[in-house]
Amino acid sequence: MLTQREVLLIKISWSYLVALEQEIGILFYSTLFELEPRLRPMFGASIDAQAQKLMSTLTYVVSCVQNTENYERDLEELARKHDSYQTRPEHYELVGKALMITLREVLGDNWDDETELAWVKMYTFLSDKMIRAQQQFASSSTLIN
Ligand code: HEM
């Protein structure tokens, strides 16, 4: 899990991000669809609505940092949803990459290598858990069929 310092770095950068919802949303999705245009149809048409969803994603990530006991159950639910969106393991790397590019750009002087490492560690931890949970749904539905 994350060190206390990493948790602190994530919380500090989060406090700057809260006011920047639109900016982050637009930059994140344009970066993601530039990296992989085939992901565009997975998301709804309105980037405004997507920007809000991205913030709910980031809120979720930060809440996992703060509340490490309850997130496991939520994560399974989230993995189930992502299974229905047809999210594949290789997509997680692209989303992580687009996220870091966006945060670095938007936060400017409030972003540094140590903060980036903390976010990467958190994102990798969550995506590993989600990928594993999705694989379990896939293998249990194969057993049922
Ligand atoms: C650790 C990684 C991720 C986290 C924590 C996360 C979290 C979330 C959350 C909280 C939502 C909103 C769910 C709701 O509306 O109830 C969401 C929606 C969504 N996510 Fe993720 N996500 C992650 C990775 C990904 C990846 C890799 C993809 C694939 C490209 C993806 C695609 C989507 C899509 C398509 C939606 C629904 C958007 C819509 O309703 O239009 N997510 N995600």
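Numbering of ligands and ligand atoms starts at 1, following listing order. Values below: all heavy atoms of this structure, side chains included; hydrogens, waters and symmetry mates excluded.
Shortest contact from atom 2 (C) of ligand 1 to any protein heavy atom: Tyr123 CE1, 3.5 Å. The protein heavy atom nearest to atom 28 (C) of ligand 1 is Thr87 CG2, 3.5 Å. Of the protein's non-hydrogen atoms, the one nearest atom 12 (C) of ligand 1 is Ser56 OG, 4.1 Å. At the top of the distance list for atom 4 (C) of ligand 1, counting protein heavy atoms only, stands Thr57 CG2, 3.7 Å. Nearest protein heavy-atom neighbour of atom 41 (O) of ligand 1: Gln50 NE2, 3.0 Å. Distance from atom 35 (C) of ligand 1 to its nearest protein heavy atom, with residue and atom name: Met42 O, 3.4 Å.
Considering backbone and side-chain N/O atoms, Lys81 comes within less than 3.5 Å of an N/O atom of ligand 1. Considering backbone and side-chain N/O of Lys53, one or more are found under 3.5 Å from N/O of ligand 1. Checked by distance only, ligand 1 and His82 come closer than 3.5 Å through their nitrogen or oxygen atoms.
Close approach of ligand 1 to Val95 (heavy-atom distance below 4.0 Å) involves ligand atoms 26 (C), 27 (C), 28 (C), 30 (C). Below 4.0 Å from some heavy atom of His91 lie the following atoms of ligand 1, by number and element: 27 (C), 29 (C), 30 (C). Shown in contact with Gly44 at under 4.0 Å from a heavy atom are these atoms of ligand 1, numbered in order with element: 41 (O).
In the displayed structure, Tyr16 atom OH is contacted under 6.0 Å by at most 12 heavy atoms of other residues, nucleotides or ligands. The local environment of CZ in Arg132 is sparse, with at most 12 non-hydrogen atoms from other residues, nucleotides or ligands closer than 6.0 Å. The neighbour count for Gln22 CD, taken as heavy atoms of other residues, nucleotides or ligands under 6.0 Å away, is above 12. Atom CD of Gln4 sits in a sparse spot, with 12 or fewer heavy atoms from other residues, nucleotides or ligands closer than 6.0 Å.
The backbone and the side chain of Tyr92 each have at least one atom closer than 4.0 Å to an atom of ligand 1 (non-hydrogen atoms only). Contact annotation: for Leu78 versus ligand 1, heavy atoms closer than 4.0 Å belong to the side chain alone.
No side-chain donor-acceptor contact under 3.5 Å links Thr115 to the backbone of Trp111.
For the 3.5 Å distance criterion, the side chains of Gln134 and Tyr92 qualify, holding a donor opposite an acceptor. In this structure, a donor-acceptor pair under 3.5 Å is present between the side chains of Ser13 and Trp119.
Of the candidates Tyr60, Tyr85, Phe43, it is Tyr85 that places a heavy atom closest to atom 13 (C) of ligand 1.
Nearest heavy atom pair, residue Met130 against residue Leu78, reads SD-CD2, 4.1 Å.
Between Glu114 and Arg5 a salt bridge is recorded (basic side-chain N to carboxylate O distance below 4.0 Å).
Between Phe43 and Tyr85, the distance from one ring center to the other does not fall under 6.0 angstrom.
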